[in-house]
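So the structure is just underneath, and the comments pick up after that.
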Amino acid sequence: PLLARYPGNTILNAACTDISKDHTDEVHGDVFGYGLTIDPTTFTGKAVQKSSTNALHDGKIIDCPIARIEPGQVYQRVIDNQSGDHKVVDYRVPVIGGAVPLAYGKYKRLEVRFTNQVERSELLIPSAHFSPEELHQLGAFARAMGADFCELDVLRHTVDGRIYVVDLNKTPYGPPAGLSATQHWQAVQQLTVAVSQLAAAKRKPAEPNQP
């Protein structure tokens with residue numbers, strides 16, 4: 001509909017039509033070679049149950065196996081992303097045109113790990129926290145999801161060292177709560193440059209003048 005309404009214009013994320021957790025984990029498996037989803041009727045141990053709909057923040061830890069799968073719910077392995085001091089760290093990773101210009105570390109208390117209750121955030125240099133292969137995979141994941149500009153919620157499992165993308169946000173929020181004023185402004189400047197470069201790359205060349 002947007003492409004029809006704005007002919008001749010580039011619509012960012014036009015191909016990103018499904019950000020459900022089911023689809024997200026399916027694409028994750030294709031790109032990374034592993035995923036989060038478990039069968040809660042046969043799996044034994046702790047698991048995360050949450051809505052397949054994005055941004056509800058309704059995750060809870062349950063004991064498996066369970067008798068039946070609830071409609072509209074997904075069941076995933078528990079990722080141990082503790083950073084010490086009874087805190088967990090979530091990485092919020094903007095991906096713009098397949099590149100990762102910056103990242104954020106969002107620190108929460110363990111007991112509110114599935115909420116947006118952030119105690120503090122940090123602006124991060126991506127290469128200091130992700131390997132070149134992981135950065136390539138994050139870009140490939142965003143492209144496979146059809147996203148030109150998105151923010152990924154990424155957890156690193158302390159048990160196996162792997163990263164797991166738990167959500168793709170196709171309406172980027174920008175710098176998270178908990179950043180210092182200086183880091184907030186630095187992030188905005190870096191995002192502005194990256195989005196400007198994406199827009200320039202997406203812009204169609206002008207038609208040559210006809211004689």
Side-chain angles (χ1 to χ4, degrees), residues 16-93 95 100 103-121 124 129-131 133-147 150-170 176:
C16 188
T17 58
D18 186 353
I19 59 172
S20 67
K21 290 180 175 60
D22 302 272
H23 182 62
T24 296
D25 199 54
E26 179 183 352
V27 175
H28 192 288
D30 293 338
V31 173
F32 289 85
Y34 57 88
L36 281 164
T37 301
I38 54 97
D39 181 348
T41 64
T42 59
F43 179 80
T44 299
K46 301 287 185 182
V48 177
Q49 176 184 338
K50 53 187 172 181
S51 171
S52 182
T53 304
N54 198 14
L56 293 185
H57 304 289
D58 61 349
K60 62 181 179 180
I61 295 179
I62 63 171
D63 291 304
C64 292
I66 59 175
R68 64 182 182 86
I69 295 174
E70 296 185 23
Q73 298 289 293
V74 295
Y75 299 85
Q76 300 177 338
R77 67 182 64 193
V78 178
I79 301 301
D80 181 0
N81 59 326
Q82 294 189 59
S83 63
D85 298 328
H86 207 60
K87 301 286 194 306
V88 295
V89 57
D90 297 358
Y91 294 105
R92 173 61 64 96
V93 182
V95 182
V100 179
Y104 312 103
K106 299 167 59 180
Y107 294 84
K108 309 174 185 178
R109 299 191 315 278
L110 180 61
E111 59 268 25
V112 294
R113 64 188 304 178
F114 299 118
T115 73
N116 266 335
Q117 298 179 36
V118 177
E119 288 208 338
R120 65 182 178 88
S121 299
L124 306 175
H129 295 268
F130 303 101
S131 70
E133 180 183 9
E134 289 171 339
L135 291 171
H136 173 76
Q137 290 171 320
L138 292 171
F141 173 80
R143 287 192 295 270
M145 290 286 288
C150 65
E151 291 175 344
L152 306 178
D153 290 327
V154 182
L155 308 180
R156 185 178 295 280
H157 197 9
T158 61
V159 175
D160 60 22
R162 290 173 166 179
I163 59 171
Y164 293 80
V165 180
V166 295
D167 273 317
L168 181 146
N169 306 281
K170 67 176 182 176

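Everything numeric in this text was worked out from a predicted model, so none of it was measured.
- Residues V95 and G139 share a closest heavy-atom pair of CG1-CA, 4.0 Å.
- No more than 12 heavy-atom neighbours from other residues, nucleotides or ligands sit within 6.0 angstrom of CD on E133.
- Residues R109 and E119 form a side-chain contact, since some pair of their non-hydrogen atoms from C-beta on lies under 4.5 Å apart.
- Nearest heavy atom pair, residue L124 against residue G105, reads CD1-N, 3.4 Å.
- Using a 4.5 Å heavy-atom threshold, the side chains of T41 and R68 count as separate.
- One finds the CG atom of L138 at 10.5 Å from the CZ atom of R143 (value rounded to the nearest 0.5 Å).
- Across every non-hydrogen atom of S52 and V74, the tightest pair is CB-CG1, 3.8 Å.
- Note on residues 153-170: pairs passing salt bridge (charged side-chain N to carboxylate O under 4.0 Å, His left out), not counting sequence neighbours, are K21-D167, R92-D153, E134-R156.
- Under the rule for a side chain to side chain contact (heavy atoms under 4.5 Å, CB included), the partners of T158 that lie at least two apart in sequence or sit in another chain are D80.
- The minimum heavy-atom distance between F114 and G59, with the atom names listed, is CD1-O, 3.3 Å.
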If you apply the rule side chain to side chain contact (heavy atoms under 4.5 Å, CB included), what do you find for R77 with V159, and how did you get there?
CA-CA 12 Å; R77 67 182 64 193; V159 175; over 6 Å; no

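- Considering only heavy atoms from C-beta on, V165 stays 4.5 Å or farther from Q137 through its side chain.
- Counting only distance, with no hydrogens or angles, the side chain of D25 and the backbone of T37 share a donor-acceptor pair below 3.5 Å.
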Begin from the C-alpha positions of I163 and Y91 and carry the test side chain to side chain contact (heavy atoms under 4.5 Å, CB included) through to its verdict.
CA-CA 10 Å; I163 59 171; Y91 294 105; over 6 Å; no

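- Remark: Q73 engages Q49, S51, E70, Y75 in a side chain to side chain contact (heavy atoms under 4.5 Å, CB included) (not counting sequence neighbours).
- Within the structure, the side chain to side chain donor-acceptor pair (under 3.5 Å) test picks out no pair touching residues 26-36 (sequence neighbours left out).
- Rounding to the nearest 0.5 Å places OG1 of T115 at 12.0 Å from CG of D58.
- Annotation: side chain of L36 is in contact with side chain of I79 (closest heavy-atom distance under 4.5 Å).
- Every side chain to side chain contact (heavy atoms under 4.5 Å, CB included) that T24 has, sequence neighbours left out, goes to F141, M145.
- For S83, the side chain to side chain contact (heavy atoms under 4.5 Å, CB included) partners are K87, V89, Y107, not counting sequence neighbours.
- Proximity of C16 to L168: side-chain heavy atoms (C-beta onward) are separated by under 4.5 Å at one or more points.
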Stepwise side chain to side chain contact (heavy atoms under 4.5 Å, CB included) check, K46 with D63
CA-CA 5 Å; K46 301 287 185 182; D63 291 304; 2.7 Å; yes

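- Around NE2 of H136, the count of heavy atoms belonging to other residues, nucleotides or ligands within 6.0 Å does not exceed 12.
- The SG atom of C64 lies 6.5 Å from the CZ atom of F43; values are rounded to the nearest 0.5 Å.
- Of all heavy-atom pairs spanning G35 and Y164, the tightest one is O-CE2, 3.6 Å.
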